[in-house]
Amino acid sequence: MDVAQTLIDFEMELVSPSARASVERINELLADGFEEFGSSGRVITKTDVLKVDGPLPAYELSDFSVEILGESGAGEIPCQHSWS
């Protein structure tokens, strides 16, 4: 099992229109205590992701890097994203 690729696959799925349209899938992908720091410095929580109403802007993620922190943890290094 390639942990780095699994994390990248989950992140890519998270920004897909099909996953974003499914509360059930968002609940599977994000922990209740999920927090993400946007490039603006804004903190985005799972609640924020779930309460988005209406169409989401399409965007693309690239240049991922994953750092294995130990046998039970890993973290993503900031990636590039672009909105269309």
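Quick note: numbers below take in every heavy atom, side chains included, and nothing from hydrogens, waters or symmetry partners.
Side-chain heavy atoms closer than 4.5 Å link hydrophobic residues (I, L, V, M, F, W, Y) into clusters, and following such links, even through other members, never connects F37 to F10. In terms of hydrophobic clustering, with Ile, Leu, Val, Met, Phe, Trp and Tyr side chains grouped at heavy-atom distances under 4.5 Å, V43 and V49 are assigned to different clusters.
Atom CZ of F34 has more than 12 neighbouring heavy atoms from other residues, nucleotides or ligands inside a 6.0 Å radius.
The line from CD of E11 to OG of S16 is 11.0 Å long, rounded to the nearest 0.5 Å. How far OG of S18 is from CZ of R25: 9.0 Å, rounded to the nearest 0.5 Å.
Under the side chain to side chain donor-acceptor pair (under 3.5 Å) criterion, E35 pairs with no residue at all, not counting sequence neighbours. Residues satisfying the side chain to side chain donor-acceptor pair (under 3.5 Å) criterion with T45, sequence neighbours excluded, are D48. With sequence neighbours left out, the side chain to side chain donor-acceptor pair (under 3.5 Å) criterion links Q5 to D9. For E36, there are no salt bridge (Lys or Arg N to Asp or Glu O under 4.0 Å) partners at least two apart in sequence or on another chain.
L14 and R20 get closest at one heavy-atom pair: O-CD, 2.7 Å. Pairing each heavy atom of D32 with each of K46, the nearest pair is OD1-NZ, 2.9 Å.
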Evaluate side chain to side chain contact (heavy atoms under 4.5 Å, CB included) for I26 paired with E24, printing each intermediate quantity in order.
CA-CA 6 Å; I26 295 294; E24 181 179 287; over 6 Å; no
From CA spacing to verdict: side chain to side chain contact (heavy atoms under 4.5 Å, CB included), L50, L30:
CA-CA 10 Å; L50 289 170; L30 298 180; over 6 Å; no
